[in-house]
Amino acid sequence: MTILVTGGAGFIGSNFVLDWLAQSAEPVVNLDALTYAGNLQNLAALQGKPAHVFVKGDIGDRALLDSLLATHRPRAVVHFAAESHVDRSIHGPGAFMKTNVEGTFTLLEAVRQHWAALDGDTKTAFRFHHVSTDEVYGSLAPDAPAFTETHPYEPNSPYSASKAASDHLVRAWHHTYGLPVVTTNCSNNYGPFHFPEKLIPLMIVNALAGKPLPVYGDGQQIRDWLYVGDHCSGIRAVLAGGRLGETYNIGGWNEKANLDIVKTVCALLDELQPSAAGPYARLITYVTDRPGHDRRYAIDARKIERELGWRPAETFETGIRKTVQWYLSHGDWVANVQSGGYKDWVAANYAAR
Ligand code: NAD
Ligand code: TYD
């Protein structure tokens, strides 16, 4: 038995592959295009382990997909590969349509052909697990109930629109062709290997470098934050026991305003690596808001708990402490991801704010 993971060199995908192989002998074929967000250093601990087969390639490459599926005959596909950053989707939506929409379509077609040729128990047990986001549901009013799985889709950014489109494709491939799919819609993740274009790692690396901590608008936008290891355990639970064609929301029961997140990161750094120049919160800088910025996301994660017994293991306090400690002890990883095109992105996103 083998599983095929797409996007397994990115933030969540690499955490998933590492966790999977720490808990199971079942091999992983890891297909990743190694865009700016993909990093083989995340998988360095797996070097020389035959249970991890890395393949550099694009989910839009049908011939490659056909050959991987025929060679490895996976019993499941777990689909993480995507363009994932909202700000980048505002600067350049094309890559999001190409990978998230067209790439998911190409993958679904290849998997459908593979699955159709299976028989017996192998066919019945096959799964396509689509990893998606709570951002497809749009923005919540301050007092509105959290997103359930039946909340209408109201995506507001090019990123969330492209993920919503991919969710709809996955749904349609189940209803029309019977492809055995499950979809998870998760809230904001944080943890090791998080690329420092996203809020939490950006704040950690900027603070340590004595650079401004850019808070968009008034900093009162609310997100639900989940430790990445908990997202990975939620995916494993749904892959193993989720009902076919169903979607499951995964969240941390942890709504926080961005400014509170930034202040928490600063306080932890003050404790763990104090700066001679004074408290890190002195670096907080309010900058122009993100266009179309969603005000609040919140996840109702009762379905996955009721049906599959999943709940997050980390609290925000334990998860954020682990995360800050991880960044403090992985300066080489940070330096590596900040080389190359990273500086161009920082200039493009922040110079004019
Ligand atoms: P990421 O940007 O860190 O990683 C994406 C990975 O996909 C990278 O390794 C990249 O090289 C690879 N990739 C991109 N385009 C590809 C292509 N065309 N073919 C093959 N590989 C390609 O993203 P992430 O934060 O790890 O997110 C993973 C998935 O989880 C995404 O589908 C995202 O929408 C979803 N998600 C993310 C979050 C979050 O907070 N980060 C929350 C909920 C859902
Ligand atoms: P981000 O990590 O980009 O995730 P998402 O947009 O998918 O939720 O951003 C999290 C929140 O932090 C979001 O409300 C935007 C805000 N933010 C800032 O205030 N400053 C920043 O420099 C970044 C990257 C994000």
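None of the values given here were measured: they were computed from a predicted structure. As the structure lists them, so they are numbered: ligands from 1, and atoms in each ligand from 1.
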Hey, does [X] come in under 3.5 Å of ligand 1, counting only N/O atoms on both sides?
X	value
I59	yes
N39	no
S84	yes
D58	yes
T99	yes

Problem set entry | SB check E255 R296 (cutoff 4.0 Å) |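 R296 and E255: salt-bridged.
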Exercise. Would you call R112 and E109 a salt bridge, taking side-chain N to carboxylate O under 4.0 Å as the test?
Worked result: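 Salt bridge between R112 and E109, a charged N being under 4.0 Å from a carboxylate O: yes.
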Just to be sure I read this right, does ligand 2 sit under 4.0 Å from the backbone of [X], its side chain, both, or neither, counting only heavy atoms?
X	value
E197	backbone
L202	side chain
V287	neither
V86	side chain

Which segment of [X] sits under 4.0 Å of ligand 1 when only heavy atoms are counted:
X	result
K163	side chain
L34	backbone
Y159	side chain

Does [X] reach the main-chain N or O of [Y] with its side chain, forming a donor-acceptor pair under 3.5 Å?
X	Y	answer
S162	Y159	yes
T318	E314	no
K303	T247	yes
Y327	V334	no
W20	R236	no

For this session: Have a look at H231 and tell me which of N189, N188, T184 forms a side chain to side chain donor-acceptor pair (under 3.5 Å) with it.
Result: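 So the option named by the test is N189.
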For ligand 2 and [X], I'd like to know whether there is a polar contact (N/O to N/O, distance under 3.5 Å).
X	answer
L199	yes
Q221	no
W225	no
N258	yes
Y297	no

Closest approach of any protein heavy atom to [atom], naming residue and atom:
atom	answer
atom 4 (O) of ligand 1	G10 CA, 3.4 Å
atom 29 (C) of ligand 1	F80 O, 3.2 Å
atom 5 (P) of ligand 2	E135 OE2, 3.5 Å
atom 22 (O) of ligand 2	Y350 OH, 2.7 Å
atom 21 (N) of ligand 1	A33 N, 3.0 Å
atom 40 (O) of ligand 1	N189 N, 2.9 Å
atom 9 (O) of ligand 1	D32 OD2, 2.5 Å
atom 43 (C) of ligand 1	C186 O, 3.3 Å
atom 25 (O) of ligand 1	F11 CD2, 3.7 Å

Pair [X], [Y]: side-chain N/O donor-acceptor within cut-off below 3.5 Å:
X	Y	result
D167	N185	yes
R223	Y190	no
H52	N30	yes

Problem set entry | Heavy atoms from other residues, nucleotides or ligands near CZ of R290 exceed 12 (cutoff 6.0 Å) |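 Count over threshold, so yes.
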Only heavy atoms count here, so choose which of [options] is nearest to [atom].
atom	options	result
atom 26 (O) of ligand 1	N188, I12, T35, V131	I12
atom 9 (O) of ligand 2	K198, R223, R290, R353	R290
atom 14 (C) of ligand 1	G38, A82, S14	A82
atom 20 (N) of ligand 2	P214, P196, S157	P214
atom 18 (C) of ligand 2	F195, Y190, Y216	Y216

Exercise. Does D66 have any salt bridge (Lys or Arg N to Asp or Glu O under 4.0 Å) partners at least two apart in sequence or in another chain, and if so, which?
Worked result: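 For D66, the residues satisfying salt bridge (Lys or Arg N to Asp or Glu O under 4.0 Å) (neighbours in sequence not counted) are R62.
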Exercise. Applying a strict 4.0 Å limit to heavy atoms, is Y159 in contact with ligand 2?
Worked result: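 So Y159 does not count as touching ligand 2.
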For this session: Mind telling me whether F128 and H79 have parallel, tilted or perpendicular rings, with 30° and 60° as the class edges?
Result: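 The rings of H79 and F128 sit tilted, inter-plane angle from 30° to 60°.
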Exercise. Any idea how W326 and W333 line up, ring-wise: parallel (<30°), tilted (30 to 60°), or perpendicular (>60°)?
Worked result: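 Perpendicular, since the angle between the ring planes exceeds 60°.
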For this session: List, by chain and number, the other hydrophobic cluster members for V136, where Ile, Leu, Val, Met, Phe, Trp and Tyr join if side-chain heavy atoms come within less than 4.5 Å, directly or indirectly.
Result: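 V136 clusters with Y137, L140, F147, Y153, Y297.
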For this session: Assess G57 for proximity to ligand 1: is some non-hydrogen atom of it under 4.0 Å away?
Result: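 Flag set, G57 near ligand 1.
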